[in-house]
Amino acid sequence: MKNNIFITYAEVKNSIICYNAFSNKFLLLSKKIAQQLISENYAWLKESVPHLYETLLNFQFIVDEDFEELKIAKMRRTILKLDSKLFHIVINTTFNCNLNCWYCYEDKSEGTNLSQSTINQIKKVITHKYREIHYKELKVSFFGGEPLLNIKAIKELCHFAKEFCSENNIDLICDFTTNATLIDKKLIEFLKNYKTTFQITLDGYRDCHNNIRFNKVSKKGTYDTIINNIKEIITNLPNTYVWLRINFDNNTLKDIPLILGDIKEFNRKKCSIILRKVWQVDIGSISKEELSQSIDLLIDNDFFVDYFALPRLSPCFAERLNQVLINFDGQIFKCSTLDSFDENSSVGCISQEGKIIFDSNKLSKYIIKNNLSLCDKCSLYPACYGPCSKNSPQEDSNFRCLLSNLGLSKEELVIYNFKLNLLQQEI
């Protein structure tokens, strides 16, 4: 017997949190018992704490000597990438936006709406892909720009997808990454019969947010509109989930208690928090104390907080074989965060019949990721799987661990996820 190589130990007060990334199991042990596990003193564990010993076996903290957990973890990842139960189609409905956030990487071009011919192409793709793999779930993600600027196309595609899925007994999810300023009662009414998910962003509390996210024509701030529209979504859409993304720097973190005051009534079963550093801000400038306090405050108020929550249950969507991003102009891609959506970045084309024809050379760069020995040796590997294919370096010497962008040690990340695990059991 041996210890699973994917166990991380984190000391908290007089106890040790043991996290098994391979089985995604947490155990809170006394220091004495944890030391016996670390020392692989199985005879003592079996005799002194027999029930715990059985748990350690069942949760795969202790495994057979010939157990190859790294190979199994990589196999699991491959299975997820090749899964055919879900077909995920991401649609850039437009690059235009009604806001003008300073950090946004999109070019906000006008005249970039989906044409009717591209809408018809998308319908054919949905139909043709089903003939190929008979998927059980269809996820249609609307992206941009601000996707709701093209609401006519969204409604047409949602209506088509709903009818197609109903006829073929397919589960449908309509997913929106939106600034939420254009959500109104008509859209809420339209979406009542859909299963929906939303990612909606705040950039701090009212004044800070309004200085960043303001209407580019009227210059009016959007904080109150967004908060009210999230309330409308949660209250009036019966089958929905909202991921409220809070972009932070040090100024934003100080305002988390004020933001909490405005969202404290949100249904925790229908809303979670994504906490993300503004990407242009260096993590070294962020106060770790204020970041930890902000995370703890939100968790203490029963919000699930995704600040790199483990495990990452699926690969980056671009790494999935049965995923495609269709641009407003009909070009196809994999990733939604490209520097430019042009012919060089395109990964293939769509045939007249709706078949996705990938360029195998370009596709392989997303599906097959470089093997980084530093990731393979990390105790968190099965729950993390390292950087996405787009950001994966060619060799270890250029590697930068995801933790370096979080400002957390491996042990601090485990403690945070232990708290999330307890919260999920309560929710």
Side-chain angles (χ1 to χ4, degrees), residues 85-94 97-99 113-114 116 119-120 122-123 125-127 129-130 135-202 213 222-245 262-274 302-304 306 317 326 328 336 427:
K85 293 189 292 294
L86 167 68
F87 178 44
H88 185 189
I89 182 167
V90 183
I91 304 168
N92 278 338
T93 64
T94 180
C97 187
N98 57 326
L99 308 185
N113 284 343
L114 280 172
Q116 189 60 49
I119 292 172
N120 293 338
I122 292 170
K123 293 176 183 178
V125 166
I126 291 171
T127 303
K129 194 66 175 180
Y130 182 70
Y135 51 83
K136 301 297 182 183
E137 184 177 15
L138 173 64
K139 183 175 183 180
V140 183
S141 295
F142 296 101
F143 204 76
E146 171 47 48
L148 297 183
L149 283 171
N150 198 353
I151 191 63
K152 181 180 177 182
I154 287 175
K155 287 184 175 181
E156 181 175 344
L157 287 167
C158 284
H159 180 74
F160 171 83
K162 183 182 178 185
E163 287 198 337
F164 180 81
C165 290
S166 179
E167 291 170 2
N168 293 283
N169 196 28
I170 301 167
D171 293 328
L172 172 65
I173 302 173
C174 293
D175 171 54
F176 301 86
T177 299
T178 172
N179 60 41
T181 61
L182 300 176
I183 292 172
D184 56 22
K185 290 182 179 179
K186 288 183 179 180
L187 180 59
I188 294 287
E189 188 64 32
F190 174 80
L191 293 175
K192 278 185 177 180
N193 294 319
Y194 291 84
K195 181 178 181 180
T196 55
T197 56
F198 293 82
Q199 183 181 141
I200 299 168
T201 301
L202 291 178
R213 289 184 169 252
T222 59
Y223 180 88
D224 292 323
T225 298
I226 292 171
I227 292 293
N228 289 334
N229 283 344
I230 295 174
K231 289 179 182 177
E232 290 295 314
I233 291 170
I234 293 173
T235 302
N236 295 304
L237 293 184
N239 196 3
T240 195
Y241 203 89
V242 176
W243 289 94
L244 175 57
R245 174 171 174 152
D262 286 338
I263 66 174
K264 62 183 178 181
E265 301 303 323
F266 288 2
N267 185 342
R268 306 306 193 266
K269 293 183 178 180
K270 298 175 77 172
C271 181
S272 291
I273 307 296
I274 299 174
D302 298 329
F303 276 106
F304 181 90
D306 179 4
F317 64 69
I326 302 181
F328 70 91
S336 61
I427 296 177

> Looking at Ile173, Val140, Ile126, Leu172, which one forms a side-chain contact (heavy atoms from CB on, under 4.5 Å) with Cys165?
Replying inline: Leu172

> Out of Ile326, Ile154, Leu157, Thr94, which residue meets the side-chain contact (heavy atoms from CB on, under 4.5 Å) rule with Leu114?
Replying inline: Leu157

>> Would Leu182 and Ile151 count as a side-chain contact (heavy atoms from CB on, under 4.5 Å) here? Give the steps.
In response: CA-CA 9 Å; Leu182 300 176; Ile151 191 63; over 6 Å; no

> Aromatic rings Phe164 and Tyr135: how do their planes relate, parallel, tilted or perpendicular, breaks at 30° and 60°?
Replying inline: tilted

Heavy-atom pair of closest approach, residues [X] and [Y]:
| X | Y | result |
| --- | --- | --- |
| Lys123 | Glu156 | NZ-OE2, 2.7 Å |
| Cys271 | Leu244 | SG-CB, 4.3 Å |
| Pro147 | Gly144 | CD-N, 4.1 Å |
| Ser272 | Trp243 | CB-CZ3, 3.4 Å |

>> Strictly by salt bridge (charged side-chain N to carboxylate O under 4.0 Å, His left out), give each pair with a member in residues 162-177 just once, sequence neighbours left out.
In response: none

> Checking side-chain contact (heavy atoms from CB on, under 4.5 Å) for the pair Phe303/Ile263: CA distance, chi angles, key distance, verdict?
Replying inline: CA-CA 10 Å; Phe303 276 106; Ile263 66 174; 3.9 Å; yes

Rounded to the nearest 0.5 Å, what separates atom [atom1] in [X] from atom [atom2] in [Y]?
| X | Y | atom1 | atom2 | result |
| --- | --- | --- | --- | --- |
| Arg268 | Ile273 | CZ | CD1 | 8.5 Å |
| Ile119 | Asn150 | CD1 | CG | 6.5 Å |
| Thr93 | Asn113 | OG1 | CG | 7.0 Å |
| Tyr241 | Ile234 | OH | CD1 | 9.0 Å |
| Arg213 | Leu202 | CZ | CG | 8.0 Å |
| Ile183 | Leu148 | CD1 | CG | 6.0 Å |

>> Just by distance, no angles: are the side chains of Asn120 and Gln116 close enough, under 3.5 Å, to form a donor-acceptor pair?
In response: yes

> Under a 4.5 Å cut-off applied to non-hydrogen side-chain atoms, are Thr127 and Phe160 in contact?
Replying inline: yes

> Asn179 versus Thr222: any side-chain heavy-atom pair under 4.5 Å?
Replying inline: no

> Under the 3.5 angstrom rule, does the side chain of Asn168 hit a backbone N or O of Ile170 as a donor-acceptor pair?
Replying inline: no

> Is the backbone N or O of Ala180 less than 3.5 Å from a side-chain atom of Asn229, with the two atoms forming a donor-acceptor pair by type?
Replying inline: yes

> Can a salt bridge be assigned to the pair Glu189 and Lys186 using a cut-off of 4.0 Å between side-chain N and carboxylate O?
Replying inline: no

> Of Thr178, Thr181, Asn98, which is the lone residue that meets side chain to side chain donor-acceptor pair (under 3.5 Å) with Glu146?
Replying inline: Thr178

>> Set out, in order, the CA-CA distance, both residues' side-chain angles and the distance that settles side-chain contact (heavy atoms from CB on, under 4.5 Å) for Ser141 and Phe317, then state yes or no.
In response: CA-CA 11 Å; Ser141 295; Phe317 64 69; over 6 Å; no

> Going through the distances and angles, do Leu237 and Lys192 end up as a side-chain contact (heavy atoms from CB on, under 4.5 Å)?
Replying inline: CA-CA 5 Å; Leu237 293 184; Lys192 278 185 177 180; 4.0 Å; yes

>> Set out, in order, the CA-CA distance, both residues' side-chain angles and the distance that settles salt bridge (charged side-chain N to carboxylate O under 4.0 Å, His left out) for Lys231 and Glu265, then state yes or no.
In response: CA-CA 9 Å; Lys231 289 179 182 177; Glu265 301 303 323; over 6 Å; no

>> Check this for me: Lys155, atom NZ, are more than 12 non-hydrogen atoms of other residues, nucleotides or ligands nearer than 6.0 Å?
In response: yes

